[in-house]
Number of protein chains: 2
Amino acid sequence: MVDENIEKVSIPSLRRLPLYYHYMKILKKRKVDYVSSTKIAEKMNLTPIQVRKDLSITGVKGRARVGFNIKDALEKIEEFMGWKDKKDGILVGCGDLGSALLGYNNFKNYGFEIVAGFDVDEKITGTEIHGKRIFPIDRMENLCKRLHIKVGIICVPSKSAQKVAERMIDSGIEAIWNFAPAALEIPNDIALHQEDMAASLTILFKKHRKNR
Amino acid sequence: MVDENIEKVSIPSLRRLPLYYHYMKILKKRKVDYVSSTKIAEKMNLTPIQVRKDLSITGVKGRARVGFNIKDALEKIEEFMGWKDKKDGILVGCGDLGSALLGYNNFKNYGFEIVAGFDVDEKITGTEIHGKRIFPIDRMENLCKRLHIKVGIICVPSKSAQKVAERMIDSGIEAIWNFAPAALEIPNDIALHQEDMAASLTILFKKHRKNR
DNA sequence: TAGATTGTTAATCGATTAACAATC
DNA sequence: TAGATTGTTAATCGATTAACAATC
């Protein structure tokens with residue numbers, strides 16, 4: 001049942017669920033116990049039907065006239081999103097953005113931890129950034145295989161991104177989160193999520209233009 | 001014609017266009033002049049039809065049997081995406097992530113520039129980060145109004161995000177790029193783009209799980 | 001009870017894919 | 001010329017929205 005749903009969930013739903021989650025977290029802190037789809041929808045300019053549909057994939061059940069139990073809903077969202085499964089990852093490219101991600105404390109709330117950083121710059125290899133050790137890139141394969149690490153984050157300049165991706169794949173990485181503005185060419189069985197500042201900026205600008 | 005299309009373009013298309021762009025940039029560097037939709041589609045596991053449909057919204061015309069002129073296509077994408085229009089923005093919350101964004105050089109390729117940072121921490125106000133001056137948050141309204149700044153980036157902790165958003169709106173900001181994991185409640189006429197690490201991570205994990 | 005809210009089934013809307021004539 | 005590729009129109013697919021019975 002749950003496994004069937006995993007296949008069926010749409011990307012837009014996966015983007016909305018965290019918003020409901022953040023909002024319900026705040027309500028929980030305010031000691032609120034229940035919230036209706038109407039209330040949630042109002043806050044984020046969506047329809048109540050959409051909120052109910054999204055929440056229903058997580059398996060949470062609401063109560064007519066009352067709404068959703070916030071504690072339950074938070075639990076179910078965490079479970080469905082896979083935030084309860086612990087996952088380790090490594091990060092390559094410890095420049096400004098890479099360093100920021102190494103220190104991003106919120107990852108642990110989503111079951112994710114970056115266990116090490118890699119870089120080519122000998123000035124930073126051997127040091128620690130935000131408590132994470134930084135290794136030369138030659139050590140990646142050994143470390144990833146030894147610790148069975150499957151998630152890799154790319155924060156290198158675009159022109160090195162493809163090479164780093166290939167090296168990650170050789171190291172046994174199965175899921176790549178790419179922050180470099182580069183179209184990676186990788187096999188079909190490797191999961192790729194592209195974080196694209198260009199796309200984000202453009203979506204923001206287009207929405208802005210539409211409003212005027 | 002162009003203005004009609006602006007309304008019609010889908011978010012998924014806006015996310016794909018930068019990928020074609022990055023890829024064509026590389027080809028251009030390699031002195032390649034033309035590329036077919038088939039070739040592009042192959043590289044990113046899409047269909048050629050989808051690539052042609054996406055490209056057609058930008059107004060670029062291909063040539064049968066030859067494909068798309070890369071120089072033309074890059075030009076048209078830049079134009080359509082609004083990367084040629086110069087836009088200034090400010091950033092609030094100069095912690096790790098905020099600092100990284102202040103130093104993110106790629107923004108200028110998309111016509112965007114962060115002109116100043118704001119923070120509550122007196123240890124950093126008055127200093128510069130990556131060449132950008134950091135001001136106390138009280139100065140935001142005056143500066144934004146004076147320089148007609150319409151774009152604001154939020155990099156503060158979640159619990160302050162709502163307050164910062166409201167302050168931005170008071171300062172005349174019309175488009176908010178929110179990196180805090182918080183569901184902002186803002187008027188309908190303010191553009192909002194939520195950058196959600198939780199959503200990104202989850203999409204990556206789900207793709208990964210599906211592959212196995 | 002009355003009425004607000006859920007959850008599900010059906011209808012609509014929009015994006016992707018297929019088909020194919022036009023073109024180089 | 002033959003055949004690869006574009007661009008457009010039509011068909012399909014999937015996500016959103018509407019309708020409404022069930023429920024508390």
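Every heavy atom of this structure was used, including side-chain atoms; hydrogens, water molecules and symmetry mates were not. Throughout, a chain's letter reflects where its sequence line sits, starting with A, and its residues are numbered from 1.
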Is there a donor-acceptor contact under 3.5 Å from the side chain of B:Gln194 to the main chain of B:Ala180? yes
Have a look at A:Arg63 and say if it touches a base, only the backbone sugar-phosphate, or nothing, with a 4.0 Å heavy-atom cut-off. sugar-phosphate
Quick one: label A:Pro12 by what it contacts on the DNA or RNA (base, sugar-phosphate, nothing), any heavy atom closer than 4.0 Å. sugar-phosphate
Given [N], is OP1 or OP2 found less than 4.0 Å from the side-chain N or O atoms of [X]?
{"X": "B:Ser37", "N": "D:dT6", "answer": "yes"}
{"X": "A:Arg52", "N": "D:dT16", "answer": "no"}
{"X": "B:Ser36", "N": "D:dA4", "answer": "no"}
{"X": "B:Gln50", "N": "C:dA15", "answer": "no"}
{"X": "B:Ser56", "N": "D:dG7", "answer": "no"}

Taking [atom1] from [X] and [atom2] from [N], how many angstroms apart are they, rounded to a whole number?
{"X": "A:Arg65", "N": "C:dT1", "atom1": "CZ", "atom2": "C1'", "answer": "11 Å"}
{"X": "B:Leu46", "N": "C:dA18", "atom1": "CG", "atom2": "P", "answer": "13 Å"}
{"X": "B:Leu55", "N": "D:dG7", "atom1": "CG", "atom2": "P", "answer": "9 Å"}
{"X": "B:Leu14", "N": "C:dA15", "atom1": "CG", "atom2": "P", "answer": "11 Å"}
{"X": "B:Arg15", "N": "C:dT16", "atom1": "CZ", "atom2": "P", "answer": "12 Å"}
{"X": "B:Tyr34", "N": "C:dC24", "atom1": "OH", "atom2": "P", "answer": "12 Å"}
{"X": "A:Ile11", "N": "D:dG14", "atom1": "CD1", "atom2": "P", "answer": "14 Å"}
{"X": "A:Lys39", "N": "C:dA4", "atom1": "NZ", "atom2": "C1'", "answer": "15 Å"}

The answer to which of A:Pro48 and B:Ile49 contacts DNA chain C further toward the 5' end, by nearest nucleotide, is A:Pro48
Check whether the side chains of [X] and [Y] place a donor and an acceptor atom closer than 3.5 Å, and report yes or no.
{"X": "A:Thr58", "Y": "A:Glu79", "value": "no"}
{"X": "B:His148", "Y": "B:Asp88", "value": "no"}
{"X": "B:Glu78", "Y": "B:Tyr21", "value": "yes"}
{"X": "B:Asp96", "Y": "A:Tyr104", "value": "no"}

Taking everything shown except B:Lys86 itself, do over 12 heavy atoms lie less than 6.0 Å from its NZ? yes
Once pairs are restricted to Watson-Crick or G-U wobble with both distances under 3.5 Å, how does DNA chain C read as a dot-bracket string, [ ] for crossings and | for other-strand pairs? ..||||||||||||||||||||||
Return whichever of A:Val66 or A:Asp54 has its heavy-atom-nearest nucleotide of DNA chain D closer to the 5' end. A:Asp54
Under the 3.5 Å rule, do the base of D:dT6 and the side chain of B:Lys61 count as making a donor-acceptor pair? no
Are side-chain heavy atoms of B:Ile154 and B:Val92 found at a separation under 4.5 Å? no
B:Gln162 to B:Ala183 - nearest heavy-atom pair and separation: OE1-O, 4.3 Å
So which nucleotide from C:dA4, C:dG7, C:dT5 ends up closest to the side chain of A:Thr38? C:dT5
Which of C:dT8, D:dT8, D:dA15 is nearest the side chain of B:Lys53? It is D:dT8
